[in-house]
Amino acid sequence: MRTTALIAIHRTSPSSGTLLVLLPRIRHTKMAIALLLLASLVAAAAQAPAPAPAPAAAGGRYYRGSATLTNGPKGNDVSAGWPAAIPAGACGYGPLVNAATAKPGYKVVGLDPASPFAKRAMGGCGMCLEVTCNDSEMCDSTAPIVAQVVDRCAECAPLQVNLNARAFAELAPLDLGNVAVQYREVPCPFAGGIVVSVDAYRITGGGWVRLTLKNVAGAGDITSVGFQSAARVRRRRRRRGTGRAARAAPAAPAAPTAPAAPPTAPRAQAGTPTGVWRPMKNTFGAAWEASMLPALPLSLNVTNARGESVVLSSVITKAGALGEFPTTANFKA
């Protein structure tokens, strides 16, 4: 019987430790080289990082991990009352109101920087997760909650999520501190329009503004924001038919009166500016910045992770003004 010697190639894989590839020792040089190349490709594929999850239309794949909590009442005693505010997180949304009636409300969550969702646009900020308790013995409820990503959790494990305590309390007693969960991305269910939150605005040196977008429905992580002057569009429309020839022309005879069309609701905040959209820069988390600003008012063109776009027309109207500016346009939840 003829025995074939084997060549062993060791490659390290972050997910499975050491990958062992065995090849027969072959006398023909070309065939041996080809098999060595094939083995290298197989080992390299095993080391390749997992791609970022694609944005979910109805619900993404489930991840199993655990949930911790932050911003709880003193001594985790619910009867002591909840803190009125949620401290500003790494996504840049600023302090949030810890109430159900606020936007986004108290159901918010932080992710570890190594989370699979951290590879998404804005590092996952703005997206929504459906979180379900996996331990029926420890949890008060196995009904899922939907929480929006607003922060980072440097102390968490890659598959761990850090819930605002008021949201954690809907899953399990606060005293547990940590509970097994499964979670997945879902479309953000927010109603109403996008809110443009401007937290910095310099009017000198050509102008500079920084803003975040709150209450974004659907795929909440934004991939791009463009801006342009809405004043340019207005001036173009105003100049039409205002020249001397137009003023000197005799009035045309009145046309027969047509039946009035039924009234239609205005297309809120859905303007169609004709200029060129200049891109804003996503400097950190959910914050977007722009400099060398054109004449006010400014319109924004917002694109989400699904490739959908919506125009917020004339949303920034006063130079240097800080605060939250509501619109009536949004993506489909």
Which heavy-atom pair separates A333 from F190 by the least distance, and what is that distance? CB-O, 4.3 Å
State, without any angle test, whether S66 and Q160 hold a side-chain donor-acceptor pair at a distance under 3.5 Å. yes
side-chain contact (heavy atoms from CB on, under 4.5 Å) partners for N71, two or more places apart: P83, I86, P87, N98, N164
side-chain contact (heavy atoms from CB on, under 4.5 Å) with V311: which of T327, V302, N301? N301
What is the minimum heavy-atom distance between L159 and Y183, and which atoms define it? O-OH, 3.2 Å
Residues pairing under salt bridge (Lys or Arg N to Asp or Glu O under 4.0 Å) where one sits in residues 275-287, two or more places apart or in two chains, turn out to be none
Going by heavy atoms in the side chains, are L176 and M138 under 4.5 Å from each other? yes
With a 4.5 Å heavy-atom cut-off, do C91 and F284 have their side chains touching? no
Sequence neighbours excluded, the answer for side-chain contact (heavy atoms from CB on, under 4.5 Å) partners of A321 is K318, F325
Relative to Y62, does R64 satisfy both conditions: NZ or CZ under 6.0 angstrom from the six-membered ring centre, and within 45 degrees of the ring's axis? no
For N178 and T68, the nearest pair of non-hydrogen atoms, with its separation, is ND2-CG2, 3.6 Å
For Y63 and F117, take the angle between the two ring planes, folded into 0 to 90°, and tell me which bin it lands in: parallel under 30, tilted 30 to 60, perpendicular over 60. perpendicular
